[in-house]
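Presented below is the structure to which this report refers.
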Amino acid sequence: MPESPITPRARDFAAWYQDVVLQGDMAEPAEIVKGCMVIKANGYAVWELLQRELDERFKACGHQNVYFPLLIPESFLKKEAEHVEGFSPELAVVTHAGGKRLEEPYVIRPTSETIIGYFFSRWIQSYRDLPLLLNQWANVMRWELRTRMFLRTTEFLWQEGHTAHSNHQEAVEEVLRILDIYADVAENVMAMPVIKGVKTASEKFAGALRSYSIEAMMQNGLALQAGTSHDLGQNFGKAFNVQFQSSEGRLDYVWQTSWGVSTRLIGGLIMSHSDDKGLVLPPKLAPVKCVIVPIYRREDEKSRVLETAHRLAADCQAKVDDREGQSPGAKFFHWERRGVPVVVELGPREVAAGNAVLKRRDTGAKETIPQQELPGRLQSALAQMQLDLYQAARRRLQENTVLANSLAEVESILKDATAERGGGKFVMAHLKDDPQCDARLKEFKATVRNIPLKDEYDGPGKCVITGEPVDRRVVIAKAY
RNA sequence: CGGGGCGUAGCGCAGCCUGGUAGCGCACCUGCCUUGGGCGCAGGGGGUCGGAGGUUCAAAUCCUCUCGCCCCGACCA
């Protein structure tokens, strides 16, 4: 990837985002395959780190990984009325195979509730088989009209958890436990603050009783749904006849949940922290945490500097950029745009004095430190950067969240909140969970992101549209 | 799927209007020289001009169709 200029955020946020993805060597459009992308090594390494964080949390509460087929009989999708209605417009269908037309077409999974429901019905007989706690890491395909790398592509990678329980309460606990895991990873690993909440009826997953989400704010003020967790009730249990016998001998349908996060998180990560110089990665998700750039002029300097560089690198798991024929300046730019959290400059001056210069990606601050302190100082710089990124994102979220007490106020805030100018807002207003209210917001190109689980404002009030009493304020915003 | 923009060397572009040897910058290769924020000089390699069809003696250039990408909208993780 040749290194080209990056469009400043203030000039064109969408162009900036694309430049950062490309120049950070995270991904590129597949071009020959509509709507798809190639996730490059740097981007995939971030995904692997995220996967590990999520996977160990899932396993810690008893989930096991499995894998179901990519292809699903078309008839399966139709078994849950709301589900088929929600997904049919974006399905890719396989009609031919082995040189013949298939008797029944397969759809390429847009999500796996249906095929998993089928197998659940074969595997579950008794309450002793419950809860069944499964997760799969997979690719899915949704034929999107408009794609953006990581944020929305036709094919994407995700995990989808699917669980079955003997009662509703336990299923709801599961849904909320997972939502907490998502929020924990978003905030403490990705350094991306999120709002946990319930989706409105019209925004919920097709086929769910209730959907919960975590919502994040990007640097332009647009909302990003970063993860969802669904209480499926008995809808799929009934559609696929997943019955179990209770300890009292009664036959009942299972209560199911499903939940997922996708490679979209990487888009959120990029839009949370990166700057006009390129990618900024929080240390916990940086595949390379530290690069040492050696600086030398003469042969004798070169050997001494490189020797010191490799010795220091071994002590703190850093990478030495010892490429020939590249000036130190070129190397600084290279690692900067790839989001490496800390770069260490090491030249003859430092070697002579027993020092090293440590530079943080986010602040650009340089610090000269004794070499023997490097491992410790590096660790503390990384830890501090992780915290600082979170704090900066948190502050941005707070500063761009505003209260509105009438529909006119909601409208005027959203009208001024053009993302192109980086002025997107989260508007907190009282609003009834009613499809007609959601529809009104469409006039402002906004949606209810969610109804926060935790009310951080003033409690009950009157809906700004219907005037009816509602419990708390909801998050209204323009979204990706 | 509608509106707009764009497809010419790995990347960024010029050439197209007015048809006539396919160019420039960066990157790449070789050599020398350099290295504290994108070094320099010299030489060199690399192209079915997105694809198909048509007009023409002749098409990157004109016409028709098609595919893809980006932006804006309607639908969505």
Side-chain angles (χ1 to χ4, degrees), chain A residues 1-5 7 12-15 17-19 21-23 28-37 85-91 110-111 139-160 182 199 202-206 211 213-216 223-230 258-268 277 293-299 301-302 305-306 321-337 343-351 357 359 364 366 368 418-420 442 445 447 478-480:
Chain A
M1 175 57 57
E3 310 201 336
S4 312
T7 308
D12 183 342
F13 195 84
Y17 173 74
Q18 209 191 341
D19 288 346
V21 171
L22 255 20
Q23 296 300 319
E28 62 183 59
E31 296 225 335
I32 49 164
V33 187
K34 187 175 170 61
C36 292
M37 66 174 165
E85 194 185 330
F87 280 105
S88 54
E90 38 188 300
L91 293 178
T111 178
N139 58 338
V140 287
M141 182 164 271
R142 299 178 186 178
W143 212 257
E144 299 292 348
L145 298 177
R146 179 170 173 192
T147 58
R148 304 171 199 254
M149 286 187 285
F150 291 115
L151 299 174
R152 175 164 294 106
T153 46
T154 298
E155 181 187 9
F156 58 96
L157 305 182
W158 76 347
Q159 57 71 215
E160 47 178 326
Y182 288 163
K199 284 291 191 184
S202 68
E203 293 278 332
K204 75 175 173 59
F205 177 75
S211 290
S213 74
I214 52 170
E215 303 282 336
L224 184 78
Q225 179 172 302
T228 49
S229 187
H230 312 292
S258 70
W259 27 275
V261 293
S262 70
T263 38
R264 168 181 257 198
L265 285 178
I266 297 173
K277 289 184 279 194
V293 175
I295 299 155
Y296 45 80
R297 200 180 293 267
R298 305 185 308 266
E299 275 305 311
E301 288 175 342
K302 177 177 171 182
V305 168
L306 282 178
D321 186 351
D322 54 5
R323 288 175 297 164
E324 298 282 345
Q326 289 255 31
S327 70
K331 292 177 181 177
F332 295 144
F333 278 97
H334 178 76
W335 297 110
E336 185 168 73
R337 63 180 48 209
V343 167
V344 170
E345 306 181 8
L346 190 74
R349 282 209 298 272
E350 285 74 31
V351 170
V357 175
K359 187 182 180 196
K366 281 189 195 183
T368 302
T418 58
E420 295 73 39
K442 285 207 166 177
K445 291 164 187 168
T447 48
K478 295 176 183 171
Y480 275 105

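In the text below, chain A, chain B and the rest are named by the order of the sequence lines, each starting its count at 1.
With a 3.5 Å ceiling on both atom-pair distances, the Watson-Crick or G-U wobble partner of B:rC1 is B:rG73. Under the Watson-Crick or G-U wobble criterion, with both distances below 3.5 Å, B:rC26 is paired with B:rG10. Pair check for B:rG40 finds B:rC32; Watson-Crick or G-U wobble, both atom distances under 3.5 Å.
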* Could you walk me through whether A:Tyr17 and A:Leu151 pass side chain to side chain contact (heavy atoms under 4.5 Å, CB included), step by step? => CA-CA 11 Å; A:Tyr17 173 74; A:Leu151 299 174; 3.7 Å; yes
* Evaluation steps, salt bridge (Lys or Arg N to Asp or Glu O under 4.0 Å), between A:Glu215 and A:Lys199 -> CA-CA 10 Å; A:Glu215 303 282 336; A:Lys199 284 291 191 184; 2.9 Å; yes
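Taking 4.0 angstrom as the limit, A:Lys442 places a side-chain polar atom (N or O) nearer than this to OP1 or OP2 of B:rC75.
Spacing between B:rC6 and B:rA27 at atom C1', rounded to whole Å, works out to 22 Å. Straight-line distance between the P atoms of B:rG5 and B:rG23: roughly 30 Å, to the nearest whole Å. With both ends at atom C1', the span from B:rU18 to B:rU56 equals 16 Å, rounded to whole Å. With both ends at atom C1', the span from B:rG36 to B:rC32 equals 24 Å, rounded to whole Å.
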Which atom pairs link the protein and nucleotides 1-6 of chain B when you take only N or O atoms and keep those under 3.5 Å?
{"unit_1": "B:rC1", "atom_1": "N4", "unit_2": "A:Leu145", "atom_2": "O", "d": "3.4"}

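Between the side-chain ring of A:Trp158 and the base of B:rA77, no stacking contact exists by the 5.5 Å and 30° definition.
Here the CD1-CD distance, from A:Ile295 to A:Glu345, works out to 5.0 Å after rounding to the nearest 0.5 Å.
With hydrogens and angles left out, the side chain of A:Glu350 and the base of B:rG36 share a donor-acceptor pair within 3.5 Å.
Within 6.0 Å of CZ on A:Arg323 lie more than 12 heavy atoms contributed by other residues, nucleotides or ligands.
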